[in-house]
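We use all heavy atoms of the structure for the numbers below, so side chains are in, but hydrogens, waters and symmetry mates are not. What you are looking at is a predicted structure, and each value in this text was computed from that prediction instead of being measured. Each chain gets a letter, A, B and so on, in the order the sequences are listed, and its residues count up from 1.
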2 protein chains.
Amino acid sequence: MQLSKTAYVILGMLRMGKRTGYEIKSLVDVSTRFFWAASYGQIYPELKRLEDAGLIEGEAEATGGRARRAFSLTKKGDAALDDWLTSGGPLHFELRHEGLLRLFFSDPLSGGERTELLRAIRGEHERVREELRAIRPTAEGSGLEAPVEVLEFGIAYQDFIVDWCSRLERR
Amino acid sequence: MQLSKTAYVILGMLRMGKRTGYEIKSLVDVSTRFFWAASYGQIYPELKRLEDAGLIEGEAEATGGRARRAFSLTKKGDAALDDWLTSGGPLHFELRHEGLLRLFFSDPLSGGERTELLRAIRGEHERVREELRAIRPTAEGSGLEAPVEVLEFGIAYQDFIVDWCSRLERR
DNA sequence: GGGCTCATGTAAGTGGTTACATGATTAT
DNA sequence: ATAATCATGTAACCACTTACATGAGCCC
């Protein structure tokens, strides 16, 4: 029963507590997004698949508002998540970075144009860094350790790229 | 005439000289791959589209061996590449990192299991770092500056992640 | 009344990978 | 002889994004 990585994002979020698809998406946007994004177009169909496979179960909650279905892990889903977390095998890693791509081909550009490009790349990463700093309180308030550590990594990671751009700009 | 990023990879590679689809793929694998990968399934159809759009032109070379078609940039293709290199707008940036994802959900794991996970992540990045170091001579022999700079970034980047893993492992 | 957040979904499209089919030339 | 490399391409599939449709409740 080959699950996609995004399926594990959902299982992981559900282990932290019963949640709706909407809540999962909101959580992803303030946590895993910078190293694993997910859209509604993935989440809702995946919830359906996971439910059909018996890894999660949804419960209708008529809270007066619009109908909502909150999901929780079944024993089977809990086991599947653990299996994935502790399994060996290669860890998928992929980077797509248009800035580096442009820089790679930048030899024919003028010095000014190259500096401008570096500034643009740095700007993007500064922006992401600020976004990550903004969600720090949320992560720290969760009571969990790992999300904070990963977030700190994210901030340090953006810092690293920002510094590298600055250094190159000065040359 | 919206071009995909991968189309620009092709245009960029062709500006460096006339090349076949096979050669482009080989070049990508020893240069842009770690921040922008491309497969034959993308390259050959994209070459066709670019030719139809008049951005590149192919010339059959009957070199005795199997029929091969080497492509070069047209003026139009050259201009399109320059436009992209100097245009403003947001730079697409995306990371997918299964290791960080697992780490994010690792609170329920034992200390040993978490350390094992960190070691696995570090191992992957050490492996990529060695691959990048191995292609250093190729980049340096190209006579171009930018590819070397970007490669050095790649190595430093892998180093950064390796160090971060080591630090966490010791805790 | 208007805009925001909560909430659920789907359809169309994009971008990309994997696996396959084919075959000549070159190196061991 | 046989394995690796050069070389071209396609079909099926997968993962993901974007845009849309719908609508209730809540705050100003």
Figure out the [atom1]/[atom2] separation between [X] and [N], and round it to whole Å.
| X | N | atom1 | atom2 | result |
| --- | --- | --- | --- | --- |
| B/H92 | D/dC16 | NE2 | P | 12 Å |
| A/D29 | D/dT18 | CG | P | 12 Å |
| B/L27 | D/dT5 | CG | P | 16 Å |
| A/I10 | C/dT8 | CD1 | C1' | 14 Å |
| A/I43 | C/dC6 | CD1 | P | 15 Å |
| B/E61 | C/dT25 | CD | C1' | 16 Å |
| B/E46 | C/dG16 | CD | P | 9 Å |
| A/K25 | C/dC6 | NZ | P | 13 Å |

Base, sugar-phosphate alone, or nothing: which one does [X] contact when heavy atoms must sit under 4.0 Å apart?
| X | answer |
| --- | --- |
| B/S39 | base |
| B/R19 | nothing |
| B/T6 | sugar-phosphate |
| B/G21 | sugar-phosphate |

* Asked: Got a salt bridge between A/R69 and A/E51, using NZ or NE/NH1/NH2 to carboxylate O under 4.0 Å?
  -> yes
* Give a yes or no on whether a salt bridge exists between A/D82 and A/R15, defined as a side-chain N under 4.0 angstrom from a carboxylate O. =>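 A salt bridge links A/D82 with A/R15.
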* In terms of the angle between their ring planes, are A/F93 and B/H97 parallel, tilted or perpendicular, with boundaries placed at 30° and 60°? ->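 Ring orientation, 0 to 90° scale: perpendicular.
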Nearest to the [X] side chain among [options], which nucleotide is it?
| X | options | value |
| --- | --- | --- |
| B/Y40 | D/dT8, D/dA7, C/dA7 | D/dT8 |
| B/E23 | C/dT17, C/dT10, D/dA7 | D/dA7 |
| A/R68 | D/dA15, D/dG9, C/dA7 | C/dA7 |
| B/R69 | D/dT8, C/dT8, D/dC16 | D/dT8 |

Taking OP1 and OP2 of [N], is either one under 4.0 Å from a side-chain nitrogen or oxygen of [X]?
| X | N | answer |
| --- | --- | --- |
| A/S26 | C/dC6 | no |
| B/Y44 | D/dT8 | yes |
| A/Y22 | C/dC6 | yes |
| A/Q42 | D/dC16 | yes |
| A/R96 | C/dG16 | yes |

* To do: Please figure out whether B/F71 or B/E94 has its closest DNA chain D nucleotide nearer the 5' end.
  =>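 By nearest-heavy-atom nucleotide position, the 5'-most residue is B/F71.
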* Specify the residue among A/A38 and B/K48 whose closest nucleotide of DNA chain D lies further upstream toward the 5′ end. => B/K48
* Asked: Are A/V162 and A/F160 connected, step by step, through hydrophobic side chains (Ile, Leu, Val, Met, Phe, Trp, Tyr) whose heavy atoms are closer than 4.5 Å?
  ->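 As far as the 4.5 Å side-chain criterion goes, A/F160 and A/V162 are not connected within one cluster.
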* Is the distance between the ring centroids of B/F35 and B/F153 under 6.0 Å? ->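 Aromatic pair excluded; centres sit 6.0 Å or further apart.
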* **Donor + acceptor pair across side chains of B/T20, B/R68 (<3.5 Å)** =>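 The criterion, which ignores hydrogens and geometry beyond distance, is not satisfied for B/R68 and B/T20.
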